Amino acid sequence: MMEAEEQPRKTAFYSKLPKVELHAHLNGSISSNTIKKLIDKKPDLKIHDQMTMIDKGKKRTLEECLQMFQIIHLLTTSPEDVLMVTKDVIKEFADDGVKYLELRSTPRGENATGMTKKTYVESILEGIKQSKEENVDIDVRYLMSIDRRGGPSAAKEAVKLAEEFFLSAEDTVLGLDLSGDPAIPNRKTETQVLLNLFPDRIGHGTFLSSSEEGSSDLVDFVRQHQIPLELCLTSNIKSQTVPSYDQHHFGFWHSIAHPAVICTDDKGVFATRLSREYQLAAETFHLTQSQVWDLSYESINYIFASDSTKADLRKKWSHLKPHF
């Protein structure tokens, strides 16, 4: 009986833990509830929610995961769709104890509805603004993604759009995310090219694994420059880029006290929550509640917002800190 009572209490610790989410793709973060609302608006597409989510215990290839995004994009074709999903995603993160969120998404146009890349971004920013006006307890910012598969012209267009919003969006648009298909030839060469840009953070870091032959120089580079890593455990397991939780590279980076943040990547597609990711990391790598708290608190250091925002978040964490 004691053990049965203990489990909800343990889970409650991770839910109540104030958290920072720094690697969350908007379209991949859409919950099954919101997907159902979108499906109801577009019944002719004959899409069901199991086509956009990987249930507990299931896995997909990386390519199959990327195909899920194509299905989700069929459901988010208008500014109204994008506004709704932005607000729903923000509310769900807030309900899970996330106090600061950097959402990322690639600007996307849709000829059929008249949505342009600019109105796509404006819809996300409007969702962030409305959530703030409705007093949702979370500070939300936006990172504009550049999908490297789109080629140089699409990348230049995104950079130009980002510059425009950097100047006009009152510190809501904070940076650029360079994303792409990791299953490419000459991966190590491309990784080195990207590292030579001295990124402020690295997403996943799956191909920096210290056990991968010939990548120790990449690991050394990241260690030397203390580049923080955004680590997404369930995402990597379900997309089969990491074989199991206990073999996840979180263990390596945490063991050497390298800057790292636990993230969800796509909480909708991978059917997870940030509180669950913290609990998985803690149970897999035998972290105490105090160590988990430190992980969460230190993640404030790696946000892209201003020093004054960091100071405000640290005050909030101090106010919410439990007695261990």
Side-chain angles (χ1 to χ4, degrees), residues 21-45 47 49 52 68-95 98 100-147 150 154-179 264-269 304-305:
E21 170 64 84
L22 298 182
H23 192 119
H25 298 271
L26 175 62
N27 287 281
S29 297
I30 303 172
S31 66
S32 58
N33 285 341
T34 304
I35 289 285
K36 284 169 186 166
K37 287 195 280 185
L38 291 165
I39 289 170
D40 288 343
K41 288 173 70 177
K42 299 176 174 68
D44 52 308
L45 291 177
I47 293 171
D49 62 328
T52 63
M68 285 186 164
F69 277 89
Q70 294 174 9
I71 296 170
I72 293 167
H73 289 168
L74 293 174
L75 294 168
T76 53
T77 54
S78 72
E80 294 75 25
D81 296 334
V82 175
L83 174 62
M84 181 182 78
V85 302
T86 301
K87 290 184 69 175
D88 282 6
V89 165
I90 289 170
K91 176 75 164 55
E92 288 155 4
F93 272 116
D95 288 345
V98 177
Y100 177 92
L101 165 65
E102 289 178 6
L103 269 179
R104 61 183 70 187
S105 191
T106 305
R108 185 163 48 87
E110 289 287 345
N111 291 334
T113 62
M115 181 170 72
T116 64
K117 291 180 179 182
K118 185 174 181 180
T119 56
Y120 179 90
V121 174
E122 286 171 343
S123 300
I124 294 174
L125 297 179
E126 180 62 24
I128 293 171
K129 178 168 164 277
Q130 287 186 21
S131 298
K132 187 175 182 179
E133 289 168 353
E134 291 164 16
N135 297 313
V136 181
D137 184 20
I138 186 170
D139 185 343
V140 186
R141 312 300 173 99
Y142 173 57
L143 306 179
M144 198 173 291
S145 293
I146 295 175
D147 187 338
K156 285 175 184 172
E157 187 185 354
V159 169
K160 192 175 176 189
L161 197 60
E163 283 177 335
E164 186 181 329
F165 282 105
F166 284 156
L167 297 170
S168 65
E170 297 177 0
D171 295 328
T172 303
V173 182
L174 293 184
L176 288 170
D177 161 43
L178 294 176
S179 65
T264 54
D265 191 21
D266 302 295
K267 73 174 183 63
V269 168
F304 286 164

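For clarity, every value in this text was computed on a predicted model and none was experimentally measured.
The minimum heavy-atom distance between Pro107 and Ser145, with the atom names listed, is CD-O, 3.5 Å. The shortest non-hydrogen separation linking Tyr142 to Ile128 is CB-CD1, 4.1 Å. Heavy-atom minimum distance, Leu38 versus Met84: CD2-CE, 3.5 Å. Gly127 and Thr86 make their closest contact through CA-CG2, 4.0 Å (heavy atoms, listed as atom of the first residue, atom of the second, distance). A pairwise comparison of heavy atoms in Ser31 and Glu92 identifies OG-OE2, 2.7 Å as the closest pair. Asn27 and Phe69 make their closest contact through C-CE2, 4.1 Å (heavy atoms, listed as atom of the first residue, atom of the second, distance).
To the nearest 0.5 Å, atom CG of residue Asp88 and atom OG of residue Ser29 are 12.0 Å apart. To the nearest 0.5 Å, atoms CG (Asp81) and CD1 (Ile72) are separated by 13.0 Å. With rounding to the nearest 0.5 Å, the separation of CD in Glu102 from CG in Asp139 is 9.0 Å. The distance from atom CG of Leu74 to atom OG1 of Thr52, rounded to the nearest 0.5 Å, is 11.5 Å. Distance check, rounded to the nearest 0.5 Å: OG of Ser123 to NZ of Lys118 gives 12.5 Å. Atom CG of residue Leu103 and atom OG1 of residue Thr172 lie 11.5 Å apart, to the nearest 0.5 angstrom.
By the 6.0 Å contact criterion, CG on Asn111 is open, its count of non-hydrogen atoms from other residues, nucleotides or ligands being 12 or less. Around atom CG of Asp95, more than 12 heavy atoms belonging to other residues, nucleotides or ligands sit under 6.0 Å away.
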> Given the rule in the side-chain contact (heavy atoms from CB on, under 4.5 Å) test, do Ser105 and Ile124 qualify, once you have shown the distances and angles that lead to the verdict?
Replying inline: CA-CA 9 Å; Ser105 191; Ile124 294 174; 3.9 Å; yes

>> Show, in sequence, the C-alpha distance, side-chain angles and deciding distance for Lys42 and Ile47, and conclude whether the side-chain contact (heavy atoms from CB on, under 4.5 Å) test is met.
In response: CA-CA 9 Å; Lys42 299 176 174 68; Ile47 293 171; over 6 Å; no

>> Pair Ile39, Leu75 - check side-chain contact (heavy atoms from CB on, under 4.5 Å), show working.
In response: CA-CA 7 Å; Ile39 289 170; Leu75 294 168; 4.1 Å; yes

>> Show, in sequence, the C-alpha distance, side-chain angles and deciding distance for Arg141 and Phe304, and conclude whether the side-chain contact (heavy atoms from CB on, under 4.5 Å) test is met.
In response: CA-CA 9 Å; Arg141 312 300 173 99; Phe304 286 164; over 6 Å; no

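A donor-acceptor contact shorter than 3.5 Å is absent between the side chain of Arg104 and the backbone of Leu176. Distance alone, capped at 3.5 Å, places no donor-acceptor pair between the Thr34 side chain and the Val85 backbone. Remark: the backbone N or O of Lys87 is not paired with any side-chain donor or acceptor of Gln130 at under 3.5 angstrom. For Ser168 (side chain) and Glu164 (main-chain N/O), a donor-acceptor pair under 3.5 Å exists by modelled atom type.
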For residues 155-163, tabulate all N or O donor-acceptor pairs below 3.5 Å that involve a side-chain atom, not counting sequence neighbours.
| residue | atom | partner | partner atom | Å |
| --- | --- | --- | --- | --- |
| Glu157 | OE1 | Lys117 | NZ | 3.2 |

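Comment: Lys91 does not engage Glu134 in a salt bridge, judged by the lack of any side-chain N to carboxylate O separation of less than 4.0 angstrom. Using a 4.0 Å cut-off between a side-chain N of Lys or Arg and a carboxylate O of Asp or Glu, Glu80 and Lys41 do not qualify as a salt bridge. With respect to Glu21 and Lys267, no salt bridge is recorded, no charged nitrogen being found less than 4.0 Å from a carboxylate O.
Looking at Arg108 and Thr76, their side chains do bring a donor and an acceptor atom within 3.5 Å of each other.
Residues passing the side chain to side chain donor-acceptor pair (under 3.5 Å) test with Gln70, sequence neighbours excluded: none. For His23, the ring pair (Phe, Tyr, Trp, His ring centres under 6.0 Å) partners two or more places apart in sequence, or in a different chain, are His25, His204.
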